[in-house]
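These figures come from a predicted structure and were not determined experimentally. Hydrogens, waters and symmetry mates play no part in the numbers below; they use all other heavy atoms, side chains included. Numbers restart at 1 for each chain; the letters A, B, ... are given by sequence-line order, proteins then strands.
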There are 2 protein chains.
Amino acid sequence: MQTPKRTLSSSAAEPEPGPAAAASDVPARRPRGRPRKTITEQDDGNRRRKLMDKAAKLFLTKGYAATSTRDIAAAVGMHSGSPYYHFKSKSALLHAVMSEGMTAALESQQEVLDRLGPDAPPHEQLRALVRHHFEILLGPRSGFIPVMLYEWRSLTPAQRRDVARIKDAYEAAWMPALQALAHAGALKAEPAVARLFIFGALNWAVSWFSPRKGLSLDALSEQAMLLFIHHD
Amino acid sequence: MQTPKRTLSSSAAEPEPGPAAAASDVPARRPRGRPRKTITEQDDGNRRRKLMDKAAKLFLTKGYAATSTRDIAAAVGMHSGSPYYHFKSKSALLHAVMSEGMTAALESQQEVLDRLGPDAPPHEQLRALVRHHFEILLGPRSGFIPVMLYEWRSLTPAQRRDVARIKDAYEAAWMPALQALAHAGALKAEPAVARLFIFGALNWAVSWFSPRKGLSLDALSEQAMLLFIHHD
DNA sequence: CCTACCGATCGGTAGG
DNA sequence: CCTACCGATCGGTAGG
């Protein structure tokens, strides 16, 4: 990904606004993309990210509806109204978690496929996709995608459509490998149905997998491949 | 299962209490088991069941926390406080849905296995279990088990332990078939891990299956078997 | 099962 | 980002 080009008007010598200026300066209307780095008492982008991280953790533990914006504020050391400085509603915070989580997952999945190259055997492509998906779901940086799996119904219809676009692209990337495997006789179910079953099997691991149970993500991926792929 | 023996004191000629008596007669402390049939304006057991049915539907659509007891009352044509005549708390209603749903599922699953007999080939046992599970999840009388899958975290720890007992028995009944299939070489993953993946794959269908999509529950079961079971 | 009600909590906002 | 606050809603209950 490239760093976004600065617009001409926001070029070099722009003075850093102090806290007072930052407060009176219409904060609701930001330019699109990452918020620009404004030095307030705490770094702004970090606060936004921290809100999303803690919110995701709480949404996953207690559920979106049962988590109050006060819970989230307290978890990051803010006062009750302050999350609304960063997000215009509780719902927008949920949407940001899912949307940015899914975007990052789609990008890292594409990197995995690119690294493997288009001529890798489909068996290896699927193994890499499975392994990467477990990393997204269960790895040390996980959290946003599991929220998406459990809180889909908490989105508004418009938000759902928006996140679905990214999710569809993520899932569509599995089809070439599945179709190749079906063609080779290593996958016996219809690829479109197999994809749904396979995502179910993997996603469900969020509800039972514990890294301390002795199973590594590599071993878990291997078990999944053994279950789904028929060797001759 | 046997019908519970009546205690001596609650024998034959007990008069039906009228509406007034039913209202003043400590309604919170019922004997265990099904409520006895007391003729009020509406039949009591039916009202309780209707509350559970509508509550399950709402819990599944909007989520437990986002469903108010007023929503539930309105859905069955009661006023706001009336569900508390049948359940001592919102949480108790959720628990009843899961507990009674899981109990019924365990019983009908056992009937399926009994009908098949202990000498049926493991392949047929698994197919029957899968088919029955889809019936529970997606069939015309479904609803309670999907709520359990999505609202586990809304239970109190004690309620969780209680429902887990039944759920564990339900899942344990799959192990003999899976172990036999593994032994015969038709299941390549470890049976304990395979069971978790398989339940995930099947349970996930709640989020995507639509009977109008042209796929019957029989065809769905067949696809699942093709995916998991390796024929030689 | 209805009526009337309570205390608590919630999402959100104005104003600084 | 904090302070102080509002209107709405919620789970639950007493009393009949």
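- Separating the CZ atom of A:R47 from the C1' atom of D:dC2 is a distance of 12 Å, rounded to the nearest angstrom.
- Contact annotation: B:Y84 side-chain N/O to D:dT13 OP1/OP2 distance is not under 4.0 Å.
- What separates NE2 of B:H79 from P of D:dG11 is a distance of 17 Å, to the nearest Å.
- Taking atom CG of residue A:L58 and atom C1' of nucleotide C:dG11, one finds them 16 Å apart after rounding to whole Å.
- For DNA chain C, if you chain together Watson-Crick or G-U pairs that step i with j, i+1 with j-1 and so on, the runs of at least three with distances under 3.5 Å are C:1-16 with D:1-16.
- A cation-pi arrangement is found for B:K90 relative to B:Y64, the charged atom lying closer than 6.0 Å to the ring centre and inside a 45° cone about the ring normal.
- For D:dC10, the OP1/OP2 oxygens have a side-chain nitrogen or oxygen of B:S68 closer than 4.0 Å.
- Between B:Y170 and B:H133, the ring planes are tilted. Angles from 30° to 60° get that label.
- For the pair A:L196/B:W204, no side-chain contact is recorded, criterion being any heavy-atom separation below 4.5 Å from C-beta on.
- The CE-C1' distance, from A:M78 to D:dC1, rounds to 7 Å in whole Å.
- Summarising the geometry, the separation between NZ on B:K62 and C1' on D:dC10 is reported as 12 Å, rounded to the nearest angstrom.
- Straight-line distance from the CZ atom of A:F87 to the P atom of C:dG12: 13 Å, rounded to whole Å.
- The existence of a salt bridge linking A:K62 and B:E151 is excluded, since no basic side-chain nitrogen approaches an acidic carboxylate oxygen closer than 4.0 Å.
- Both the sub-6.0 Å distance and the 45° axial angle are not jointly satisfied by B:K54 relative to the ring of B:F59.
- Taking atom OH of residue A:Y64 and atom P of nucleotide C:dC10, one finds them 13 Å apart after rounding to whole Å.
- In this structure, B:N203 contributes its side chain and B:F199 its backbone to a donor-acceptor pair below 3.5 Å.
- Contact annotation for B:S91: no contact, since no heavy-atom pair falls under 4.0 Å across all strands.
- Nearer to the 5' terminus of DNA chain D, by closest-nucleotide assignment, is the contact made by A:S82 (compared with the other of A:R70 and A:S82).
- Each of D:dG12, D:dC1, C:dG11 was ranked by its minimum atom distance to the side chain of B:S89; first place goes to D:dG12.
- One can place CG of B:L93 at 14 Å from C1' of D:dG12, the figure rounded to the nearest angstrom.
- Side-chain polar atoms of B:Q159 and B:W152 form no donor-acceptor pair below 3.5 angstrom.
- Comparing A:G81 and A:D71, the nucleotide of DNA chain C nearest to each residue sits closer to the 5' end for A:D71.
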